[in-house]
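Working notes for the structure below.
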Amino acid sequence: MTALWGGIVVMAVGCFALKYAGLSVPERVLQHPLTVRAVELIPAGLLGALIAVQVFADGTSVQLDARLLALGVAAVLLALRVPFLPMVVAAALVAALARQL
């Protein structure tokens, strides 16, 4: 049990140190064009990675199922510029129907 608390303390100190390091970055580094461009691209990369993990992963294995079909429907509707809420509802309906088959 003490190892658990020790791990929690180490993680808390590490998180604080990382936050402090981020706040200590000089302004000239933050305004550099390469930094600005990277900051603009990071959310898209993280979202893509999250989608990939949620669609293709099932625990420790890769699985192709109704989620992939729903993602395809959402991608097509996104390309057609369908509003977000109908796109999500359509993708959910496709996934539900595919799971029923």
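Note that the structure is predicted; figures quoted are calculated from it, not measured.
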Which Ile, Leu, Val, Met, Phe, Trp or Tyr residues join Val82 in one cluster when any pair of side-chain heavy atoms under 4.5 Å counts as a link? Leu69, Val73, Val76, Leu77, Leu78, Leu80, Phe84, Met87, Val88, Val94
Check for a donor-acceptor pair, side chain of Thr35 on one end and backbone N or O of Val29 on the other, with a separation under 3.5 Å.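 Yes; judged by distance alone, with no hydrogens or angles, the pair exists.
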What closest approach, in Å, do Ala70 and Ala91 show between heavy atoms, and which atom pair accounts for it? CB-O, 3.3 Å
Output side-chain donor-acceptor pairs under 3.5 Å for residues 14-27, partner residues at least two apart or in another chain, one line each.
{"residue": "Ser24", "atom": "OG", "partner": "Tyr20", "partner atom": "O", "Å": "2.8"}
{"residue": "Glu27", "atom": "OE2", "partner": "Gln31", "partner atom": "NE2", "Å": "2.9"}

Side-chain polar contacts of residues 39-62 - donor-acceptor pairs under 3.5 angstrom, sequence neighbours left out - could you list them?
{"residue": "Ser61", "atom": "OG", "partner": "Asp58", "partner atom": "O", "Å": "3.4"}

Flag side-chain contact, heavy atom, 4.5 Å: Arg67 against Arg99: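 The answer is yes; the side chains approach within 4.5 Å.
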